[in-house]
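Every chain is numbered from 1 and lettered A, B, ... according to where its sequence line falls, protein lines coming before strand lines.
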There are 2 protein chains.
Amino acid sequence: MAEKRTSKVTITEVAKLAGVSTATAGRVLGGYGYTSEDNKERVRASAEKLGYRPNLLARSLITGKTKTIGVVAGDIQSPFYASILRGIADVARAQGFGVLLTNSDELLERELEAVQLLLEKQIDGLIIAPCDIYDSAHLHAAVRAGCPIVQIDRIVNGLAGDSVTVDNRAASRNCISQLLAAGHHRIGMIAELERWASGNVETFLDRVLDSSLDPATLFPSWQRLFGYIEAHAAAGIPIDRDLIGRVGAYSAEAAKTRTMALLSRPDRPTALFTVDGLTSAVAMDAITALNLRIPDDLSLICFDDLDWMTFIKPGITAVAQPLTAMGEAAAQLMLARIKGDDGPMQHLSLEPTFAQRGSVAAPMFATTA
Amino acid sequence: MAEKRTSKVTITEVAKLAGVSTATAGRVLGGYGYTSEDNKERVRASAEKLGYRPNLLARSLITGKTKTIGVVAGDIQSPFYASILRGIADVARAQGFGVLLTNSDELLERELEAVQLLLEKQIDGLIIAPCDIYDSAHLHAAVRAGCPIVQIDRIVNGLAGDSVTVDNRAASRNCISQLLAAGHHRIGMIAELERWASGNVETFLDRVLDSSLDPATLFPSWQRLFGYIEAHAAAGIPIDRDLIGRVGAYSAEAAKTRTMALLSRPDRPTALFTVDGLTSAVAMDAITALNLRIPDDLSLICFDDLDWMTFIKPGITAVAQPLTAMGEAAAQLMLARIKGDDGPMQHLSLEPTFAQRGSVAAPMFATTA
DNA sequence: ATCAATTGTGCGAACGTTCTCATATTTAGG
DNA sequence: CCTAAATATGAGAACGTTCGCACAATTGAT
């Protein structure tokens, strides 16, 4: 490159032009300490004239604060994380904070790298949807190293960090209860249900029913299954294990296969409960492919409210998580910690809203015994 | 806070423990220069033992490179920006770069603040969907200050920065031609059409028809109107000015009002062309509200392919921009510039794909003369 | 054997801020 | 008038790295 001038106007040059020390120039430009009205003007004028831009790197190096918060999302491309991120970014911006973003794709290895990078970049705090809620030594280490953490959507067991979640268990129980009340006895469920530390779905059923399981220690999809089981128990309806479509991974393809299989059974469910945005879209796709009518052939309730649920055929009844609000709350908690709040850990549980629309009806007839 | 230890293990301490100079420790840990195998091991062991984490701030301050690229999106919450961002983040991560994100909400003032913040944080480059393509002095200044810029979706007139866009004019022309070929003579269009430097829609029509307008200097929605006009001209079909629904702002409410008005006319169009994701969703909403059947009562083609377009009633025919690819390309261009590429500006135009589905049919009858 | 690379090391100066300290000067209260 | 606070300034040391330089020690080709 021929020319590479400009850009590096330092505070020293501004000070020189203004005829004061760098210390004084720093004080007026950084706004910290005493300066005479006289010098304030002179320094500001010089800064303006030279087109001075403070170098936040240098400031951060000495203050130890970067005014940047790191975010590890699963996948910003999903409306779920996109909305949360929006909430975070808004609050951060309002306070002059920047947002450093990474995706984990729910892969622990990625998360590890991401957290590493963010910490090296000296972020003031970390907002994360943790992949692994049972161990996550790296997160414990981060906290120990003085980096406050706010968890989103799920909670690492025993981690000293705030959290913002939704009562998935109650919301799910509510959905299933509504379906049961409408007369459905065979309610299908499509859920990720990837990791559970202590066994398989059968074990899980037992543990829920004998109340020896703390839902707070689970991944959301397991919490939602928790509510599904509870609702059935409360209504005295036995659960057909075959109706619990465990996808086992966060994958559209796998979910599609699983859903098609579930809905193609001769004794297919009369109602379906999808447990997140991905499975809802996939289910809708399968339903269209199989030419099933909603709610005549199949009732449907979805977790996560997507824009198309408003205007599709009959509206789709759904649970809406307050996503941007969750992001905002997370950022607010974070900023409080950064400002020095060292009170006890806060675990916010925001209220989801229930969007009653037209996808639930009474079952037309029993498909099979 | 009672304890605030750990976290600050510096390279000096590592060096001391390893019994070498900070320079040597720096060389092995930073991987830049010569070091004996012997010392390499010793230093690495010491670093490991102390839990050393490099402070990228300090490194950046001296190298002048932060390995961070700034992104100014309109609104990450929209699938459009979310997908682009995903592409950017992937490429960045693969090269060890971080992504600093901000939203402009397409507001110049916000963009100004955002760019300011990013520059002060010393980003290595800026990827932006610029609000104002006619002036943007701040972007020219950034380039002059040595910060490479890659523009997305639209191009600031005369700005020395690369760009990644889509041929909106051609894609739009193609859509309209298909509708015309299907027999539609009254094709409605809903578009933002917020800013055009040189006048109103009438003037624009004239300028397009006498070929005195360079589409590259326009906002996407105007480019799409450009194609709409051209297609009509090519087919020899006169344009009814009333069918061009100019929303005038990026607002769902305004778009809804405009769309409802357009579709409620006694001489309503027999086909509709929506020009982005927002207007498509809004149009779908309006269509449902008015109880119009697709494609019987109304044919529909949308710009931007959204997930629900696959599984809604008849599939919705749409133009799909290669969003993640655009993000990836933008990041790639950016990284090349950062690595020192000072070749001529590149203006990439990626090919959109056309998803032919079931929302287009011949018009059933003329609604009115 | 000689000279020029190549390899290896440490010292101390950067980078652009803020911070600590020392030292004035002004203000205010008795 | 005196003293204590408040206001104002500058010199120079931080912050944690990398970089330039000087200087050895080792190579390898003539």
Taking NZ in B/K16 as the centre, count heavy atoms belonging to other residues, nucleotides or ligands within less than 6.0 Å. Is the count above 12? no
All N/O contacts under 3.5 Å from nucleotides 21-26 of chain D to the protein, with atom names and distances to one decimal?
none

Can you check the [X] [atom1] to [N] [atom2] distance for me, whole Å?
| X | N | atom1 | atom2 | result |
| --- | --- | --- | --- | --- |
| A/R42 | D/dT9 | CZ | C1' | 12 Å |
| B/Y34 | D/dT18 | OH | P | 18 Å |
| A/K121 | D/dT17 | NZ | C1' | 14 Å |
| B/N55 | D/dA14 | CG | C1' | 14 Å |

Check the phosphate of D/dA8 against A/N39, side-chain N and O only, distance under 4.0 Å to OP1 or OP2. Yes or no? no
Closest approach of B/L118 and B/G70, non-hydrogen atoms and distance? CD1-CA, 4.0 Å
Backbone of [Y] reached by a side-chain donor or acceptor of [X] within 3.5 Å:
| X | Y | value |
| --- | --- | --- |
| A/K121 | B/T66 | yes |
| B/Q151 | B/V156 | yes |
| A/T102 | A/V71 | yes |

Is it the case that the side chains of A/E328 and A/Q332 hold a donor-acceptor pair, with the cut-off being a distance below 3.5 Å and no angle test? no
Are side-chain N/O atoms of B/Q116 and B/H138 paired as donor and acceptor at under 3.5 Å? no
Does the side chain of [Y] come within less than 4.5 Å of [X]'s, by heavy atoms?
| X | Y | value |
| --- | --- | --- |
| A/L29 | A/V43 | yes |
| B/R337 | B/M345 | yes |
| A/L119 | A/C147 | yes |

Note: for B/I62 and B/D38 on DNA chain C, the residue whose nearest nucleotide lies more 5' is B/D38
Under a 4.0 Å heavy-atom cut-off, which of residues 17-26 of chain B touch DNA chain D? B/A23, B/G26
Nt span of DNA chain C in reach of chain B heavy atoms at under 4.0 Å, 5' end first, is C/dT7 to C/dG16
Looking at A/R86 and B/D105, does any basic side-chain N land under 4.0 Å from a carboxylate oxygen? yes
